[in-house]
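Step one of this worksheet: look at the structure below.
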Amino acid sequence: MQRWLMKTEPDTFSIDDLQRRKIEPWNGVRNYQARNFIRAMRRGDPVLIYHSSCAVPGVAGIGKVASAPYPDPTQFDPKSEYFDAGSDRGDPRWTLVDVAFVRKLQRVITLDELKTLRSLGDFALIRRGNRLSVLPVSKAQWQAILALE
DNA sequence: GCCAACGTTGGC
DNA sequence: GCCAACGTTGGC
């Protein structure tokens, strides 16, 4: 089992939206490194849901991977903002998983707090200039983050 | 294959 | 809204 962190912009899709929907196809990831992490996901893997590009960026809740990785259908939909004319149906370029709601945190654990957590070690989320929207979280990092709740 | 231009992400 | 970081594109 591996642990992950997935970013979402709460103005577009927040932890509350995930709670209402219960399960959501996590479409629109269009970065090869993030895609490769998605392809390594397995059903049941725990996921930190992170709110980005908002007033208080931080970890807002917990989800879990609820499907095997499969081709992101939006890449073949010309009407979708995620359409990719270069993707081949025989060998789709972009992959997603379904993410299920597990719980909201009692409070958002902010990026500011995470930056001060020495125990996180080298963590991609708090590296300067980081833009990865899907990244792995070690067991130690997972526990250190949730200990702040 | 290099690299300048351009686009996107995301914190502030 | 600004801008640093960095990925992608395309001319050469």
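All values below come from the heavy atoms of this structure, side chains included, with hydrogens, waters and symmetry mates left out. Note that the structure is predicted; figures quoted are calculated from it, not measured. In the text below, chain A, chain B and the rest are named by the order of the sequence lines, each starting its count at 1.
- Screening residues 104-126 of chain A for ring pair (Phe, Tyr, Trp, His ring centres under 6.0 Å) gives no qualifying pairs among residues at least two apart or on separate chains.
- Evaluation of the side-chain hydrogen bond (donor to acceptor under 3.5 Å, both in side chains) rule for A/S119 yields no partner, not counting sequence neighbours.
- Contacts classified as side-chain hydrogen bond (donor to acceptor under 3.5 Å, both in side chains) and involving residues 134-145 of chain A (residues at least two apart or in different chains) are given here: A/S138-A/Q141.
- A heavy-atom distance below 4.0 Å to DNA chain B is reached by these residues of residues 46-56 of chain A, ordered by number: A/Y50, A/S52, A/S53.
- A heavy atom closer than 4.0 Å to some atom of DNA chain B occurs in A/N130, A/R131, A/L132, these being the qualifying members of residues 129-136 of chain A.
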For residues 45-56 of chain A, run the donor-acceptor check on the side chains, cut-off 3.5 Å, and write out each pair with its distance to 0.1 Å, sequence neighbours left out.
from, atom 1, to, atom 2, distance (Å)
A/D45, OD1, A/Q2, N, 3.3
A/D45, OD2, A/W4, NE1, 2.9
A/D45, OD2, A/R42, N, 3.1
A/H51, NE2, A/I15, N, 3.0

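- Scored by the salt bridge (Lys or Arg N to Asp or Glu O under 4.0 Å) test, A/E9 finds no partners at all (sequence neighbours excluded).
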Could you go through residues 67-74 of chain A and list every donor-acceptor pair under 3.5 Å that involves a side-chain atom there, pairing it with any protein atom two or more places apart or in another chain?
from, atom 1, to, atom 2, distance (Å)
A/S67, OG, A/D98, N, 2.8
A/Y70, OH, A/D98, OD1, 2.6
A/D72, OD1, A/T74, N, 2.9
A/D72, OD1, A/T74, OG1, 2.7
A/D72, OD2, A/G28, N, 2.9
A/D72, OD2, A/R30, NH1, 3.1
A/D72, OD2, A/R30, NH2, 3.4
A/D72, OD2, A/T74, OG1, 3.3
A/T74, OG1, A/R30, NH2, 3.0

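- For A/R103, the side-chain hydrogen bond (donor to acceptor under 3.5 Å, both in side chains) partners two or more places apart in sequence, or in a different chain, are A/E149.
- Across all their heavy atoms, A/L114 and A/L120 have their closest contact at O-CD1, 3.5 Å.
- Residue A/F83 belongs to no hydrophobic cluster, having no ILVMFWY side-chain heavy atom closer than 4.5 Å to its own.
- Here the range on DNA chain C touched by chain A, meaning any atom under 4.0 Å from one of its heavy atoms, is C/dA4 to C/dT8.
- Partners of A/D77 under the salt bridge (Lys or Arg N to Asp or Glu O under 4.0 Å) rule, at least two apart in sequence or in another chain, do not exist in this structure.
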